[in-house]
Novice: 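Handing you a structure now.
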Amino acid sequence: MTDEALFLSDVHLGSGRADRNRIREELLGTFLARRAARARRLFILGDLFDFWFTYRHAIPREHLATVRRLGALAD
């Protein structure tokens, strides 16, 4: 682990065409596995998910993998 701090914003998972959204989520997963896993801190500045506010009590299924990856990093 390095003392590196990473900043992430405006990913907007869940917006736009489904095929482009999948690519964006795959790129984010690669970033989390390769770079963020080695960093000491990861700051998510906002807009990781698009329209999350419409889901008050549930995580949209298509974003579970990203939420799990973030949880694993936090652990």
Side-chain angles (χ1 to χ4, degrees):
M1 183 178 297
T2 68
D3 284 338
E4 181 177 45
L6 300 174
F7 296 83
L8 179 68
S9 73
D10 296 304
V11 178
H12 293 279
L13 293 177
S15 68
R17 293 182 6 204
D19 58 337
R20 291 182 184 258
N21 191 57
R22 277 192 300 277
I23 292 168
R24 216 172 23 252
E25 190 148 15
E26 288 172 14
L27 290 170
L28 176 62
T30 300
F31 168 78
L32 292 174
R34 293 184 183 170
R35 291 291 308 275
R38 294 190 324 251
R40 186 165 200 64
R41 292 184 176 92
L42 172 65
F43 295 91
I44 300 172
L45 303 178
D47 294 331
L48 179 59
F49 301 101
D50 218 28
F51 303 113
W52 191 278
F53 60 87
T54 61
Y55 299 95
R56 295 193 185 276
H57 304 290
I59 298 169
R61 184 177 305 200
E62 65 268 18
H63 303 311
L64 284 175
T66 298
V67 172
R68 286 186 185 118
R69 285 184 186 111
L70 292 169
L73 283 175
D75 289 342

Novice: With the 4.5 Å side-chain cut-off for hydrophobic clustering, are Ile44 and Leu32 part of the same group?
Specialist: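 Yes.
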Novice: What's the spacing between Arg41 CZ and Leu73 CG if we round to 0.5 Å?
Specialist: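 Rounded to the nearest 0.5 Å, the CZ-CG separation comes to 14.5 Å.
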Novice: Let's go through Arg24 and Leu28 carefully: what are the C-alpha distance in whole Å and the side-chain angles of both, what is the deciding distance for side chain to side chain contact (heavy atoms under 4.5 Å, CB included) to 0.1 Å, and is it a yes or a no?
Specialist: CA-CA 6 Å; Arg24 216 172 23 252; Leu28 176 62; over 6 Å; no
Novice: Shortest non-hydrogen contact from Arg69 to Glu25?
Specialist: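 Nearest heavy atoms, Arg69 then Glu25: NH1-O, 4.4 Å.
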Novice: Grab the two heavy atoms, one from Leu42 and one from Ala36, that are nearest each other, plus how far apart they are.
Specialist: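 Smallest interatomic distance, heavy atoms only, reads CD2-CB, 4.2 Å.
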Novice: Is there side-chain contact between Arg22 and Glu62, with heavy atoms separated by less than 4.5 Å?
Specialist: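 They are not in side-chain contact.
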Novice: Ignoring hydrogens and angles, tell me if any N or O in the side chain of Asn21 forms a donor-acceptor pair with the backbone of Gly14 under 3.5 Å.
Specialist: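 Side chain of Asn21 to backbone of Gly14, a donor-acceptor pair under 3.5 Å: yes, one is there.
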Novice: Please answer: with hydrophobic residues joined when any side-chain heavy atoms are less than 4.5 Å apart, are Val67 and Leu6 in the same cluster?
Specialist: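 Linked within one cluster.
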Novice: Testing the basics here: between Arg40 and Asp3, what is the closest heavy-atom pair and its distance to 0.1 Å?
Specialist: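 Nearest heavy atoms, Arg40 then Asp3: CD-OD1, 3.6 Å.
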Novice: Quick one: do Leu48 and Leu70 satisfy side chain to side chain contact (heavy atoms under 4.5 Å, CB included)? Show the steps, please.
Specialist: CA-CA 11 Å; Leu48 179 59; Leu70 292 169; 3.7 Å; yes
